[in-house]
Amino acid sequence: MSRAVEQTNRAMLRARDAMDRAYAQPLDIPTLARIAYVSEAHFIRTFRATFGETPHRYLQRRRVERAMYLLLHTEQDVTEVCLSVGFGSLGTFSRTFRQIVGESPTGYRKRRTAPAAPVPGCFTKAWTRPSSFG
């Protein structure tokens, strides 16, 4: 791997780490591009080439991952979960959740609250993690 590719990957990782840390905050492309020290257009292209999805889709998926956890482990209603993970609209949250997970937030909570057989946590996380790759 060339030094230039390594530096580019590090810059994209800095931006992705920032999204992971502050997923509930309003993040925009100019802010993320500044974190990666590149222009906005270059950031979007390079992020997609590096991680296989756009920064916006990655951030949505990260927020949905957190919402999945909150739906199962808290008593917050769906609207509270929606707002706590960074979505500003319940409609957008529900639509995005359904696109990524395959069912509504309420349906997910109802179906997943039934006790399951004991499985190692690493398998559970790998199996239930949403993916943009189908």
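Here, residue 1 is the first one in the sequence, and each next residue gets the next number.
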Working to the nearest 0.5 angstrom, can you tell me the gap between [X] [atom1] and [Y] [atom2]?
X: Ser104; Y: Lys110; atom1: OG; atom2: NZ; result: 8.0 Å
X: Met19; Y: Tyr58; atom1: CE; atom2: OH; result: 6.5 Å
X: Arg62; Y: Leu59; atom1: CZ; atom2: CG; result: 9.5 Å
X: Glu40; Y: Ile29; atom1: CD; atom2: CD1; result: 8.0 Å
X: His56; Y: Leu27; atom1: NE2; atom2: CG; result: 11.5 Å
X: Phe43; Y: Leu32; atom1: CZ; atom2: CG; result: 4.5 Å

Can you say whether the rings of Phe93 and Phe97 are parallel (under 30°), tilted (30 to 60°) or perpendicular (over 60°)? tilted
Indicate yes or no: at least one non-hydrogen side-chain atom of [X] is less than 4.5 angstrom from one of [Y].
X: Met12; Y: Val38; result: yes
X: Arg61; Y: Glu53; result: yes
X: Ile100; Y: Arg57; result: yes
X: Tyr69; Y: Val81; result: no

Other residues, nucleotides and ligands only: do more than 12 of their heavy atoms fall within 6.0 Å of CZ on Arg14? yes
Only one of Thr96, Leu70, Val78, Thr79 passes side chain to side chain contact (heavy atoms under 4.5 Å, CB included) with Pro105; say which it is. Val78
Show which side-chain atoms of residues 44-51 pair as donor or acceptor with protein atoms under 3.5 Å away, not counting sequence neighbours.
| from | atom 1 | to | atom 2 | distance (Å) |
| --- | --- | --- | --- | --- |
| Thr46 | OG1 | His42 | O | 2.7 |
| Thr46 | OG1 | His42 | NE2 | 3.2 |
| Thr50 | OG1 | Thr46 | O | 2.7 |

Can you name the closest pair of heavy atoms from Ala36 and Ala11 and give their distance? O-CB, 3.4 Å
Backbone N or O of Val85 within a donor-acceptor pair of the Arg66 side chain at under 3.5 Å? no
Short side-chain to backbone donor-acceptor contact, Glu80 and Asp77, under 3.5 Å: yes
NZ/NE/NH1/NH2 to OD/OE distance under 4.0 Å, Arg3 and Glu6: no
I would like to know whether Gln60 and Arg63 meet side-chain hydrogen bond (donor to acceptor under 3.5 Å, both in side chains); could you show each step before the answer? CA-CA 5 Å; Gln60 283 184 323; Arg63 287 173 173 170; over 6 Å; no
I'd like to know if Tyr37 and Ile35 are part of one continuous hydrophobic network [Ile/Leu/Val/Met/Phe/Trp/Tyr, side-chain heavy atoms within less than 4.5 Å]. no
